[in-house]
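One structure below.
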Amino acid sequence: MTKASDPIGIFDSGIGGLTVAKAVKQLLPGESIIYFGDTAHLPYGDKSTAAIQAYSIKICDIFLQRNCKVILIACNSASAAATELVKEYVGKRAKVFNVIEPVVNYIRETYHKTNIGLIGTKQTVGSGVYETKIEGLGNELKLHSLATPLLVPMIEEGFLQGTISQDIINEYLKKPVIHKISALILGCTHYPLIKEQVGNYYNGKVEVIDSSALVAASLRAYLEYNLLLNNSNNSSYNFMVSDFTESFEELTKLFFGEQVHLEKYKLWE
Ligand code: DGL
């Protein structure tokens with residue numbers, strides 16, 4: 001029997017998904033969170049669908065053993081590659097959220113007869129999941145997407161402000177494939193950190209959509225509606241990784257806003 005006090009499991013290929021965990025913590029301060037970063041297998045953005053599916057199921061087992069009421073796939077690449085399988089596998093044992101559906105719902109409510117852009121990893125863009133969902137809304141929308149693989153290492157190396165990062169971002173955004181759009185979806189865990197720089201390129205003429213706040217809001221709505229919201233003031237946070245290095249731990253500061261301790265958990269014996 002699911003209880004409001006049960007934790008929320010959030011997973012990503014690595015540390016970047018902490019942008020989503022941070023948004024969840026801000027909007028749902030009473031919830032306990034178990035975070036899993038699959039640092040032994042990152043980046044997911046260049047992996048096959050089958051590999052990402054296998055890792056995702058293994059991670060779900062950890063969350064199910066710990067009675068998570070919700071499993072949130074914070075990684076865009078895993079959301080694209082593994083959501084359907086994860087939902088099937090988890091069944092009624094937990095509610096599965098990803099980072100794509102709340103964005104698609106927002107687009108449905110906000111846009112009609114226009115072009116929407118997407119940037120993300122090769123896996124996310126290549127999966128075609130956003131196209132299928134957004135063009136299938138019946139709002140006469142067309143999705144234009146571009147893989148921007150250089151942005152993840154750039155952000156992880158701390159190149160956020162300044163001309164080097166702005167030039168790389170501009171080079172990508174000026175590609176004709178994503179011209180004439182009304183909104184751009186930041187389809188990757190890391191991109192909330194460069195939202196401002198992306199906004200600079202468009203100068204306010206294009207809405208830049210960061211999924212983390214939308215995901216947290218839809219999670220809150222679900223918990224409230226199902227009487228599963230935890231209003232406690234003793235929430236706990238656990239952060240696990242499948243491979244530990246000090247630099248992963250340092251990176252938590254960038255993505256979560258504070259440095260947290262990472263506990264190593266072997267995904268495969
Ligand atoms: N977390 C991934 C995503 O959101 C980016 C990093 C990676 O490729 O693993 O797609």
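Whatever order the structure lists them in is the order used to number ligands and atoms, beginning at 1.
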Nearest heavy-atom pair of I181 and G117: which atoms, and what distance?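 Reported closest heavy-atom pair: CG2-N, 3.6 Å.
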Minimum-distance pair of heavy atoms, taken over all atoms of S235 and P29: OG-O, 2.9 Å
Look at the side-chain heavy atoms of Ile, Leu, Val, Met, Phe, Trp and Tyr, link any pair under 4.5 Å apart, and say whether M240 and L42 land in one connected group. no
Within 45° of the ring axis of F97 and under 6.0 Å from its six-membered ring centre, is that where the NZ or CZ of K95 lies?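 Positive - K95 is close enough to the ring of F97 and near enough to its axis.
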Pairwise side-chain hydrogen bond (donor to acceptor under 3.5 Å, both in side chains) hits with a residue in residues 10-30, at least two apart: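 Sorted result for residues 10-30: K25-E258.
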For the ring pair F256 and Y35, is the centre-to-centre distance below 6.0 Å?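 When the ring centroids of F256 and Y35 are compared, they turn out to be at least 6.0 Å apart.
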Could you give the N/O to N/O pairs under 3.5 Å linking ligand 1 and the protein, each with its distance?
unit_1: ligand 1; atom_1: 1 (N); unit_2: D12; atom_2: OD1; d: 2.8
unit_1: ligand 1; atom_1: 1 (N); unit_2: S13; atom_2: OG; d: 3.2
unit_1: ligand 1; atom_1: 1 (N); unit_2: T189; atom_2: OG1; d: 2.9
unit_1: ligand 1; atom_1: 4 (O); unit_2: N76; atom_2: N; d: 3.1
unit_1: ligand 1; atom_1: 4 (O); unit_2: T189; atom_2: N; d: 3.0
unit_1: ligand 1; atom_1: 4 (O); unit_2: T189; atom_2: OG1; d: 3.2
unit_1: ligand 1; atom_1: 8 (O); unit_2: Y44; atom_2: N; d: 3.4
unit_1: ligand 1; atom_1: 8 (O); unit_2: G45; atom_2: N; d: 2.8
unit_1: ligand 1; atom_1: 9 (O); unit_2: S13; atom_2: OG; d: 2.6
unit_1: ligand 1; atom_1: 9 (O); unit_2: Y44; atom_2: N; d: 2.7
unit_1: ligand 1; atom_1: 10 (O); unit_2: S77; atom_2: N; d: 3.1
unit_1: ligand 1; atom_1: 10 (O); unit_2: S77; atom_2: OG; d: 2.6

